[in-house]
2 protein chains.
Amino acid sequence: MVTIKNIAEMAKVSRTTVSRVLNNSGYVSEDVRKRVEKVIEETGYIPSHYAKSLRTKKTKIVGVILPTIQTETSSRIVTGIGKEISQHGYEILLANTNLNQEKEIEYLELLKERRVDGIILIATNTEPALVEKIKEMNIPLVMIGQEANGIMSVTFDDYHAARELTRTFIKKGHEDIAFIGVDETDRAVGYRRKKGFLDEMAAHEINVNEEWIQKAIFDIDSGYDTMEKILSKTGAISKRSAPTAVIAVTDRLAIGAINYMKKQGIRIPEDVAIAGFGASEITRYLDPPLTTVDYHNEKAGEEAARQLFNRMQAQTQEGTEKVVLNYRLVLRKSL
Amino acid sequence: MVTIKNIAEMAKVSRTTVSRVLNNSGYVSEDVRKRVEKVIEETGYIPSHYAKSLRTKKTKIVGVILPTIQTETSSRIVTGIGKEISQHGYEILLANTNLNQEKEIEYLELLKERRVDGIILIATNTEPALVEKIKEMNIPLVMIGQEANGIMSVTFDDYHAARELTRTFIKKGHEDIAFIGVDETDRAVGYRRKKGFLDEMAAHEINVNEEWIQKAIFDIDSGYDTMEKILSKTGAISKRSAPTAVIAVTDRLAIGAINYMKKQGIRIPEDVAIAGFGASEITRYLDPPLTTVDYHNEKAGEEAARQLFNRMQAQTQEGTEKVVLNYRLVLRKSL
DNA sequence: TTTTAATGTGGAATCGATTCCACATAGCTT
DNA sequence: AAGCTATGTGGAATCGATTCCACATTAAAA
């Protein structure tokens, strides 16, 4: 591999001068510049970025830790991050935990070893061990999707989205609303969306049937199973024996639920209305099209990258910006 | 940031010795090892990977160039690559072209600048300029999804998959089959899948209606529009005025086509049978579930990584392994 | 007891860039 | 003519690791 030294010798100048033409800095006469450029051209020389990093202490790499890339949310966020950082000559080093929570901490260390200039963490939890680790890392880091004390974050307004969505159901006359949630260790998806739902119901003084509030895991089949479970609970509390509406905390859960209901001959939205969260592409094309909440994931990625750059440039590491992105209700025929 | 020099001083040994305990190489007495480890522990020292790279000439990074990460195909492949390479202590540097073909070449240079040990290219085309560039790069590279002379590749057996799928339609009694393809500069998806279809039709001596062979772009709406176009061509050649079956080269195109047909009151599969390619998750849950071709994308990513490692270890850069992965027909109710 | 081998440690060069200085030359001001 | 300033170039240190080699010491073999 040809190095700056080779170029210097071939062009009969010093490495200093080659570096100058490379970086367009300092004084270089037109003659010399031409000569050096010619040699670079001929040899196809490409300077080593990490040798440069060693000197400049900047890798121009942002580490991205994510639970899986196989969801639209993640891939949109990554796209957003990529768009923003590539404008600054940065690249993404990918750290995919494949839903293995312990790996989050492992990858933090690994990214430190790689000396990334900053980290964006698409978070699924806010376990104390993780939060602790982040704080002692001393590398600019922005968390997406979850928030924690003393950590910069870009989050979605899950609480208000859930409230507004619930309100919309209520306005359409629904009172017997079932809820398919997920584990509350996921503060954003599990806890806040549920709290939004419950608070809005309470604000309208509507009793909720506890048996219709179920917990699923993050996949379509689980939505199917959970819907079956809900419909098996004949309404001991409610006057009706079945809900007239269902809110699922993700689109996939909603899709699973719809599938179960269709199989049972339940019509949507005539018999049961339903909505999800996430605005995944397919929701537009379902039959009926699914009402959902769009979180502008790509923007979230961009915004996180912007926040990260702010922090990276800041002399101080103090202060923790937290931005909460707004959402958009996408009302479709399923409601 | 604490360096190996600091550790050496604090532990009152040389950098050489610290390096030895770090890499578990050479002789180090138990006393000294303990002392050094203690200092490392106390300071939280993490060696700089790129300083190491400078010396060892190995970055332990694989660059992945892809057209978009927002398809299941890409994200599955990336997952597969990640699984395989992380076992060897490698990481992924992501280069997302966002469907901008020119950026493929740009990114090749950028990855060279980053001195990645190898590159995996999820390819959409085999333009001469690209192929040329790859060859002059002199970095181990494996292409996924497309193949070209002199370049290592992992491809899907698009041709035979298309033939077998077509055969299945024919066996079910279909002769008037429409085909929704894409541009043939995409050799794999555009050209081979179409050729497989045509050859199988020819093998059964079935005439194809040229007007029912249409070209779309890669999204759901395009599938919708193209289906509309096909159905607007009343059969001047065929004895029927409409096809009894449709093969779409991607699941998304199939979904779009289904949506159009449903809107027209066409029943699937009673009036028109349909199939796609890709086995995207949602196809299982569509109504009716969609017949499709599963290409084991994650395995493809793993295999590409394995091929890449073989090449990276090989002393020679000669020979170009090409592996063709097999496929699996997923027969569902839409056919 | 002398050789030889195994064990243990450090000095210094090296990887490929950047950057601080020192120094040289030329053209302008006073 | 002397002093400045702008321009142009290179030497050498530096970034943080690895690794070759030299050199001790100790233990085992002859």
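The chains referred to below are lettered A, B, ... by the order of the sequence lines, with proteins before strands, and numbering in each begins at 1.
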Practice prompt. List in numerical order all residues of residues 44-55 of chain A for which some heavy atom is under 4.0 Å away from an atom belonging to DNA chain D.
Written response: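 Close to the strand are A:Leu54, A:Arg55.
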Practice prompt. Go through residues 5-15 of chain A and report each residue with a non-hydrogen atom lying under 4.0 Å from DNA chain D, sorted by number.
Written response: A:Lys12, A:Val13, A:Ser14
Grab the N/O contacts between the protein and nucleotides 27-29 of chain C below 3.5 Å, and write none if there aren't any.
none

For [X], what residues pass the side chain to side chain contact (heavy atoms under 4.5 Å, CB included) criterion, not counting sequence neighbours?
| X | result |
| --- | --- |
| B:Leu54 | A:Tyr50, A:Ala51, A:Leu54 |
| B:Val323 | B:Val154, B:Glu303, B:Gln307, B:Leu325 |
| B:Glu132 | none |

For [N], does OP1 or OP2 lie under 4.0 Å from any side-chain N or O of [X]?
| X | N | result |
| --- | --- | --- |
| B:Lys57 | C:dT14 | no |
| B:Thr56 | D:dT18 | no |
| A:Lys58 | C:dT18 | no |
| A:Thr16 | D:dT9 | no |

Discussion item. What residues from residues 25-42 of chain A pass a heavy-atom cutoff of under 4.0 Å to DNA chain C?
Written reply: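 By residue number: none to list.
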For [X] and [N], what is the distance between atoms [atom1] and [atom2] respectively, to the nearest whole Å?
| X | N | atom1 | atom2 | answer |
| --- | --- | --- | --- | --- |
| A:Lys112 | D:dA17 | NZ | P | 13 Å |
| A:Ile4 | C:dC15 | CD1 | P | 14 Å |
| A:Met1 | C:dG16 | CE | C1' | 12 Å |
| A:Arg20 | C:dG16 | CZ | C1' | 17 Å |
| A:Asn23 | C:dT19 | CG | P | 7 Å |

Throw together a table of side-chain donor-acceptor distances under 3.5 angstrom for residues 87-95 of chain B, partners on residues two or more places apart or in other chains.
unit_1	atom_1	unit_2	atom_2	d
B:His88	ND1	B:Glu84	O	3.2
B:Tyr90	OH	B:Asp117	OD2	3.3

Item to complete: Would you mind classifying the nucleic acid contact of B:Thr3 as base, sugar-phosphate or nothing, using non-hydrogen atoms under 4.0 angstrom?
Response: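 Answer is sugar-phosphate: B:Thr3 comes under 4.0 Å of backbone atoms only.
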Item to complete: Could I get the full list of salt bridge (Lys or Arg N to Asp or Glu O under 4.0 Å) partners for A:Glu30, not counting sequence neighbours?
Response: A:Lys34
Fill in: Partners meeting salt bridge (Lys or Arg N to Asp or Glu O under 4.0 Å) with B:Arg114 (sequence neighbours left out)
none
Discussion item. For a 4.5 angstrom cut-off between non-hydrogen side-chain atoms, does A:Ile7 reach A:Val2?
Written reply: yes
Worksheet item: Counting side-chain heavy atoms from C-beta on, which of D:dG11, C:dG11, D:dT9 comes nearest to A:Thr17?
Response: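 My answer, after comparing the listed nucleotides, is D:dT9.
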Practice prompt. Starting from the C-alpha separation in whole Å, work towards a yes-or-no answer on salt bridge (charged side-chain N to carboxylate O under 4.0 Å, His left out) for A:Arg187 and A:Glu147.
Written response: CA-CA 8 Å; A:Arg187 304 304 287 168; A:Glu147 70 100 37; over 6 Å; no
Under 3.5 Å, is there a donor on one side chain and an acceptor on the other for [X] and [Y]?
| X | Y | value |
| --- | --- | --- |
| A:Thr17 | A:Ser14 | yes |
| A:Tyr295 | A:Asp158 | yes |
| A:Asp183 | A:Thr185 | yes |
| B:Ser153 | B:Gln146 | no |
| B:Thr71 | B:Ser74 | yes |

Worksheet item: Which angle, rounded to 10°, do you find between the first-five-pair axis and the last-five-pair axis of the helix from C:dT1-D:dA30 to C:dT30-D:dA1?
Response: 50°
Side chains of residues 124-131 of chain A: which donor-acceptor partners sit under 3.5 Å, not counting sequence neighbours?
unit_1	atom_1	unit_2	atom_2	d
A:Asn125	OD1	A:Glu127	N	3.0
A:Asn125	ND2	A:Glu104	OE1	3.3

Fill in: Heavy atoms of other groups near B:Glu136 CD, more than 12 under 6.0 Å
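It does: B:Glu136 CD has more than 12 such atoms within range.
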Practice prompt. Verify the neighbour count for atom NZ of A:Lys299: are there more than 12 heavy atoms of other residues, nucleotides or ligands below 6.0 Å?
Written response: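 Check fails, neighbour count at 12 or below.
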